[in-house]
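What follows is a single structure, written as structure tokens, with notes after it.
No hydrogens, no waters, no symmetry mates; every other heavy atom, side chains included, goes into these values.
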Amino acid sequence: LDGMPLAIELAAARVRALSVEQIASRLDDRFRLLASGDRTAPPRQKTLRAAVDWSYELLSEPEQILLRRLSVFAGWGLDMAEQVCADEQIPAGMVLDLMAALIDKSLVTFDHELRGESRYRLLDTIKEYAASRLAASGEEDALRLRHRDYLLRYGEYVVSQAFVRGAPSWPERVALYRAITVDLANYRLALATSLRHGDTAEGLRMCGAMRNPWVTHGDVTEGAGWFDRFLATSDGLPPEVRGPALVFRGDLAFEQQDYPTVQRCAREGLDLCREAGDPHEAGALRLLAVASLRAGNLAEAVARIDEAVDTAHKLGNDWEEGLALSIKAAGLARLGSLREAQRIYEAALDVLRDNNGWGVAQVHVGRGGIARARGDHQAAIRHYQGALSLYQEIDARPEIARCLAGIASVALIQGDLDLCRASLTESLALSLATGQRLPVARGLEAFAALEAQAGDAVRAARLAGAALELRSAAGHPPSAGAGARLEDLLGPARRSLGELRATALLEEGRAMGADEAARYAMGRPTAVPAEAYGATPAGGWPRPAENGQHATSQHGAPAAASAPPGGAGGPAVPSTLTPRERELATLIARGLSNRAIADELVISQATVARHVANMLTKLGFSSRAQIAAWVARQPRPDA
């Protein structure tokens with residue numbers, strides 16, 4: 001209820017007839033629910049709608065127009081408001097003053113600041129009311145299309161700047177990327193507008209602009225769903241629209257390890273891009289190459305990837321050329337040609353160095369795998385950490401998890417079990433948070449190996465069983481290589497515990513389930529509700545190849561192998577909280593509510609709620625009280 005006193009008072013009156021949960025579930029229609037105030041109160045205080053009606057009628061006509069038009073946004077900046085809401089009735093030059101007047105009347109709320117620009121939002125109650133007024137005005141469709149078109153233009157502009165050599169700089173690209181991610185809710189509204197109006201071409205173009213945030217945040221399933229809705233009605237579209245869209249859909253399918261879809265989309269997209277003379281032809285060839293590589297068709301993969309490199313070079317597509325070179329290097333690494341793989345990675349880095357930092361990070365991960373294979377552990381750690389710093393700048397959670405797994409694998413080889421455990425804990429927590437079942441399974445395998453090396457055969461056997469079950473559930477049962485590694489882990493357990501006991505522990509692990517097994521691996525006894533993880537399962541990029549060599553990510557870098565792990569039981573989980581989340585945790589420990597925290601930090605309550613949800617996920621907790629207790633256990637900085 002956004003802290004609105006009248007709304008809270010009216011809701012409180014309903015507890016005579018409804019439970020708090022029933023009231024909360026009915027707030028989607030809050031104006032009907034909150035309609036029984038004090039009979040002795042003035043009419044405007046008897047119902048929530050009457051109160052908001054009264055405030056609305058006090059506005060000038062231009063203020064009323066702007067307020068109802070602002071309801072199309074899920075948060076906005078001044079430029080957005082000027083470009084979407086202005087017309088002959090309220091010229092762009094008036095928008096700032098009108099919005100300031102609405103802020104003074106507490107109808108528009110300051111949310112936060114991004115890149116030096118203030119962001120605003122409507123309280124939920126006001127937004128619902130303003131939307132009803134917009135619908136009654138007859139201009140809702142026009143405003144929602146203007147909102148959609150603004151976001152489409154901006155999204156395509158960011159993509160045009162993101163994957164080219166030279167300016168803008170990487171920090172500037174990161175800032176543009178963050179500007180996109182802060183508007184994810186707006187983009188969902190815009191996609192829904194395109195779907196509702198049957199604007200398939202605009203919907204596919206917007207999906208193309210959003211594919212990178214979807215991959216970065218591990219929201220691949222959401223992105224694939226939007227693509228599929230629009231592709232289902234795209235048969236009559238020009239090849240220059242449908243071709244790239246199919247290639248982008250193939251990219252997301254690779255993230256999900258859905259290789260039949262990768263091949264289908266890449267083949268069809270390749271034909272259409274060639275017909276249209278579209279540069280995404282190189283991307284289609286890259287996808288076909290990595291699909292062949294994953295299928296074990298190395299000869300076909302080499303031919304495809306060489307064609308992708310040549311095509312990208314001819315088209316002047318430096319981004320795709322660098323990615324294709326990375327894939328070629330990964331394939332050579334799988335064949336054991338480490339020297340040649342290193343040379344190709346260096347060539348890829350030359351092409352990508354002045355381009356997007358994501359590609360540079362991919363090369364770092366690949367070079368880290370080669371250094372590890374050569375026994376140069378310090379170089380491997382250096383490469384993984386270099387990639388990690390780039391991924392952290394854009395909060396690329398699946399890739400951060402992959403780098404941490406690589407660091408853990410090297411730490412295990414070196415016998416640094418503390419670093420291995422800490423890195424695996426953070427990696428597995430991130431994989432859980434993004435709903436990636438296969439990386440979670442690999443993380444459990446890594447923990448099983450860690451426990452085996454630490455001499456805890458019981459935990460190793462349970463975790464091996466959990467990993468086997470999760471792999472099967474994800475549709476990726478272990479290959480001969482992965483199966484051999486698990487057998488190597490179980491051998492000592494069978495010898496020390498006996499065949500019957502080891503088999504029983506393996507079955508206990510199989511019965512655990514992903515969340516329970518992950519908590520067990522990370523030493524977390526606290527129950528974590530499944531919904532706390534937020535994302536639906538989205539296939540992650542494969543880390544270890546099943547034959548013990550280097551797997552290949554979508555963009556070509558050999559994936560970091562999951563470590564085989566150790567340790568007996570798991571001390572307190574190392575914190576993965578950001579500095580902002582730590583600040584919020586301290587305020588929660590002081591007993592502050594979300595609203596009080598929002599007031600103190602000058603951010604929105606919705607932002608506070610998102611931070612709290614992330615903290616619960618990362619720490620494996622289910623309540624604020626547990627966060628407060630966790631803060632109390634942390635050593636003080638001066639201790």
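Nearest heavy-atom pair, Phe230 versus Leu191, reported as atom, atom and distance to 0.1 Å: CZ-O, 3.5 Å. Of all heavy-atom pairs spanning Ser431 and Pro439, the tightest one is OG-CB, 3.6 Å. Here the shortest heavy-atom pairing between Phe248 and Gly208 reads CD1-CA, 3.6 Å. In terms of heavy atoms, Leu463 sits closest to Ala517 at CD2-O, 3.8 Å. Here the shortest heavy-atom pairing between Leu66 and Met99 reads CD2-N, 3.7 Å. Of all non-hydrogen atoms in Ala190 and Leu151, the two that sit nearest each other are CB-CD1, 3.8 Å.
Under the ring pair (Phe, Tyr, Trp, His ring centres under 6.0 Å) criterion, Tyr56 pairs with Tyr129, not counting sequence neighbours. For Ser423, there are no side chain to side chain donor-acceptor pair (under 3.5 Å) partners two or more places apart in sequence or in a different chain.
Atom OH in Tyr187 sits 8.0 Å away from atom CG in Leu152 (nearest 0.5 Å). Taking CE from Met210 and CZ from Arg188, the interatomic distance works out to 7.5 Å, rounded to the nearest 0.5 Å. Within the model, atoms CG of Leu59 and CG of Leu98 stand 10.0 Å from one another, a figure rounded to the nearest 0.5 Å. In this structure, Met512 CE and Arg519 CZ are separated by 9.5 Å, a value rounded to the nearest 0.5 Å. Note that OG1 of Thr109 is 7.5 Å distant from CG of Leu122, once rounded to the nearest 0.5 Å. With rounding to the nearest 0.5 Å, the separation of CG in Leu404 from SG in Cys420 is 11.0 Å.
Counting heavy atoms from C-beta outward, Arg205 and Glu156 have side chains that approach closer than 4.5 Å. Looking only at side-chain heavy atoms (C-beta outward), Arg459 and Tyr520 come within less than 4.5 Å of each other. His197 places none of its side-chain heavy atoms less than 4.5 Å from the side chain of Arg144. With contacts defined as side-chain heavy-atom distances shorter than 4.5 Å, the pair Arg148/Met206 qualifies. Counting heavy atoms from C-beta outward, Leu444 and Leu428 have side chains that approach closer than 4.5 Å. Two residues are said to be in side-chain contact when any heavy atoms from C-beta on lie closer than 4.5 Å; Leu189 and Val72 fail this criterion. Put simply, the side chain of Trp214 does not reach to within 4.5 Å of the side chain of Asp251, judged on heavy atoms. Residues Ile407 and Leu388 are in side-chain contact: their nearest non-hydrogen atoms beyond the backbone lie under 4.5 Å apart.
Using a distance-only test at 3.5 Å, with no hydrogens or angles considered, a donor-acceptor pair links the side chain of Thr586 to the main chain of Arg582. Of the possible polar contacts, none joining the Arg211 side chain to the Gly223 backbone as a donor-acceptor pair under 3.5 Å is found. Arg146 contributes a side-chain N or O that, together with a main-chain N or O of Val84, makes up a donor-acceptor pair within less than 3.5 Å.
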query: Are Trp76 and Leu70 close enough, and set up right, to give a side-chain contact (heavy atoms from CB on, under 4.5 Å), and what steps lead you there?
result: CA-CA 8 Å; Trp76 70 88; Leu70 291 173; 3.6 Å; yes

task: Check the pair Leu96, Met94 against side-chain contact (heavy atoms from CB on, under 4.5 Å), reporting the backbone distance first and the verdict last.
output: CA-CA 6 Å; Leu96 176 58; Met94 291 179 58; over 6 Å; no

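Using the six-membered ring where Trp is involved, Tyr150 and Tyr154 have ring planes that are parallel, under 30° apart on the 30 and 60° scheme.
Classification of Asp141 and Arg196 as a salt-bridged pair fails, no side-chain N sitting under 4.0 Å from a carboxylate O. With respect to the salt-bridge test (charged N to carboxylate O, under 4.0 angstrom), the residues Arg402 and Glu399 qualify.
Stacking of Arg229 on the aromatic ring of Trp226 is recorded, both the 6.0 Å distance cut-off and the 45° axial limit being met.
Tested against Arg69 for a salt bridge (Lys or Arg N to Asp or Glu O under 4.0 Å), the candidates Glu82, Glu139, Glu63 yield a single pass: Glu139.
Under a cut-off of 6.0 angstrom, the local environment of CD in Glu57 is crowded, with over 12 non-hydrogen atoms contributed by other residues, nucleotides or ligands.
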